[in-house]
> 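Structure incoming, see below.
The structure displayed is predicted, hence computed values, not measured ones. A note on names: the letters A, B, ... follow the listed sequences, proteins ahead of strands, and every chain is numbered from 1.
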Protein chains: 2
Amino acid sequence: MVADTKTAERRSSPGNRKAPSSPVPDDSHIARLCVESGLKMTGQRRVIAHVLSIADDHPDVEELYRRASEIDSRISVATVYRTVRLLEEKGILERRDFGGGRARYEASDSGNHYHLIDVDSGRVVEFEDDEPVRLLAQLAQRLGFDLVSHRIELFGRRAEPEDRKKSPPENRNKSGS
Amino acid sequence: MVADTKTAERRSSPGNRKAPSSPVPDDSHIARLCVESGLKMTGQRRVIAHVLSIADDHPDVEELYRRASEIDSRISVATVYRTVRLLEEKGILERRDFGGGRARYEASDSGNHYHLIDVDSGRVVEFEDDEPVRLLAQLAQRLGFDLVSHRIELFGRRAEPEDRKKSPPENRNKSGS
DNA sequence: TTATGTGCAAAAATTTTGCACAAGG
DNA sequence: CCTTGTGCAAAATTTTTGCACATAA
């Protein structure tokens, strides 16, 4: 099991609800896409859309909830769940599974990049390169399909300069997240 | 909600437990890999390994449990969960997420194949080709990682020879067998 | 014999929902 | 208005675990 066992403190503490304190732009990138998709832009959605727009990682629902709550505590986890599901259906968000039990999200239009997950630490490294996708698209084409999107997750382990390509990797000390 | 809402009948009915009726080979492909990984080959594991070896689809735990129980009812879901987790850690199995909430599994060495999901029908088409993975492995290597496994899911749409490239992708259709 | 594995049921953890109320267009 | 969204808490699902007993090596 990956060292992703954070015990996420339970929900928000009651009694400190507040309206948007930080300036939430009325038209974050994601928010714009929502409108285009014909969704009602409620205060909650605007905040969640904003949070998603400025995120440069792959937050899970609990994390999104935390970030959104920080801006406007009048948001519930249920809404976050409902929102990401909706946005995924609309094709605005993409769901990822990096292991660790929770679904994680990122904006769909973040380019042709791949996620390389360190199986020991759980850390996620991203990198770009059009070639692999180009190849895959070509193969799909050959089967009569136009590639619409893709989900590519690679699992790797830090390679040691010397001792390479010998005995199958066995136990390695897992480092923290 | 998609038609993936199979309500998996609850666990096994008590009172009809039986020992392996069908001939479970002592050395299915997966079983062999287990031994190589230094795992004890218990009766349960042998059955589960067998089931996995002959599966040509991507069963989830509940389904594996059903198939295994059919052969030897002295197996519990807990063991199936423990086993797939173990085999995944050993790199013998790979976990897939085709949407639908449950993790699905397939043998790791089923070749370098990809899953192309038809976004309109949800149908899954598989195809092989080593090149893309070779490329990705190379890129990972450059970042200092040995590629351990990968999960590549492509979403495509049947290409029509003429009428192509009009409206953007709309309806996303998850799940599929 | 002894470290491992397993069944069972209870517990966790994550996600979904029913319902009454709120709010966008 | 009236459809759509939301909070809350309860429910549903999927996965993990504690413990006493079983079993492979």
> Dump every N/O contact between nucleotides 22-24 of chain D and the protein below 3.5 Å, one line per pair.
from    : atom 1 : to     : atom 2 : distance (Å)
dA24(D) : N3     : K40(B) : NZ     : 3.2

> Can you see whether F145(A) has R157(B) sitting over its ring - NZ or CZ less than 6.0 Å from the centre and within 45° of the normal?
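That pair does not qualify as a cation-pi contact.
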
> Indicate whether OP1 or OP2 belonging to dA22(C) is found under 4.0 Å from a side-chain N or O atom of Q44(A).
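Answer no for this pair, as no side-chain N or O of Q44(A) is under 4.0 Å from OP1 or OP2.
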
> Mind listing the side-chain donor-acceptor pairs of residues 29-37 of chain B below 3.5 Å, one per line with the distance, residues two or more places apart or on another chain?
from   : atom 1 : to      : atom 2 : distance (Å)
H29(B) : NE2    : D109(B) : OD2    : 2.8
R32(B) : NH2    : D27(B)  : O      : 2.8
S37(B) : OG     : L33(B)  : O      : 3.3

> Please determine, for the side chain of A78(A), which listed nucleotide (dT15(D), dT6(D), dA9(D)) has the closest atom?
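The answer is dA9(D), which lies nearest to the side chain.
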
> Just to verify, what does R95(B) make a side-chain contact (heavy atoms from CB on, under 4.5 Å) with, not counting sequence neighbours?
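By the side-chain contact (heavy atoms from CB on, under 4.5 Å) rule, R95(B) matches D97(A), E88(B), A103(B), Y105(B), R151(B).
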
> Specify the separation, in whole Å, of atom OH of Y81(A) and atom C1' of dC8(D).
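It works out to 15 Å between those atoms.
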
> Measure the distance from CD on E62(A) to C1' on dT15(C) and round it to the nearest whole Å.
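After rounding, the reported distance stands at 11 Å.
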
> How many angstroms lie between OG in S69(A) and CD in E62(A), if you round to the nearest 0.5 Å?
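These two atoms lie 9.0 Å from each other.
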
> I'd like to check the side-chain contact (heavy atoms from CB on, under 4.5 Å) partners of T79(A); sequence neighbours left out, ordered by chain and number.
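For T79(A) the side-chain contact (heavy atoms from CB on, under 4.5 Å) partners, ignoring immediate neighbours, are Q44(A), I48(A), S76(A), R82(A), T83(A).
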
> Without decimals, in angstroms, what is the distance between D72(A) CG and dG7(D) C1'?
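D72(A) atom CG is separated from dG7(D) atom C1' by 13 Å.
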
> From the list dG7(C), dT14(D), dC8(D), which nucleotide is the closest neighbour of the side chain of S76(B)?
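Selected nucleotide: dG7(C).
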
> Round to a whole Å and report the spacing from CZ of R95(A) to P of dT15(C).
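My rounded result for the distance is 9 Å.
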
> Decide yes or no, distance alone: a donor-acceptor N/O pair under 3.5 angstrom between the base of dG7(C) and the side-chain of R82(B).
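Under the 3.5 Å cut-off, the side chain and the base do form a donor-acceptor pair.
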
> Quantified as the angle between the terminal helix axes (five pairs each), what is the overall bend of the helix from dT1(C)-dA25(D) to dG25(C)-dC1(D) to 10 degrees?
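One end's axis against the other's: 50°.
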
> dG7(D), dT15(C), dT15(D): which one has an atom nearest the side-chain heavy atoms of A103(A)?
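Nearest listed nucleotide: dT15(C).
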
> CZ of R74(B) versus P of dG7(C): gap in Å, rounded?
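Value for this atom pair: 9 Å.
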
> Who passes side chain to side chain donor-acceptor pair (under 3.5 Å) against D56(A), sequence neighbours left out?
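If we apply the side chain to side chain donor-acceptor pair (under 3.5 Å) test to D56(A), skipping adjacent residues, there are no hits.
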
> Hey, is the side chain of R85(B) poking within less than 4.0 Å of OP1 or OP2 on dT17(D), counting only N and O atoms?
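Checking R85(B) against dT17(D): at least one side-chain N or O falls below 4.0 Å of OP1 or OP2.
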
> Hey, are the side chains of H50(B) and I54(B) touching, using non-hydrogen atoms and a 4.5 Å cut-off?
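Yes, close enough: below the 4.5 Å cut-off.
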
> Anything under 3.5 Å between a donor and an acceptor, one on a side chain of residues 126-137 of chain B, the other on a protein residue two or more places apart or in another chain? List them.
from    : atom 1 : to      : atom 2 : distance (Å)
E126(B) : OE2    : H58(B)  : NE2    : 2.8
E126(B) : OE2    : H115(B) : NE2    : 3.4
D129(B) : OD1    : E131(B) : N      : 2.9
D130(B) : OD1    : N112(B) : ND2    : 3.2
E131(B) : OE1    : R134(B) : NE     : 3.1
E131(B) : OE1    : R134(B) : NH2    : 2.9

> One thing to verify: whether E94(B) and R96(B) come together as a salt bridge, which I'm taking to mean a side-chain N less than 4.0 angstrom from a carboxylate O.
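Result for this pair is yes, salt bridge flagged.
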
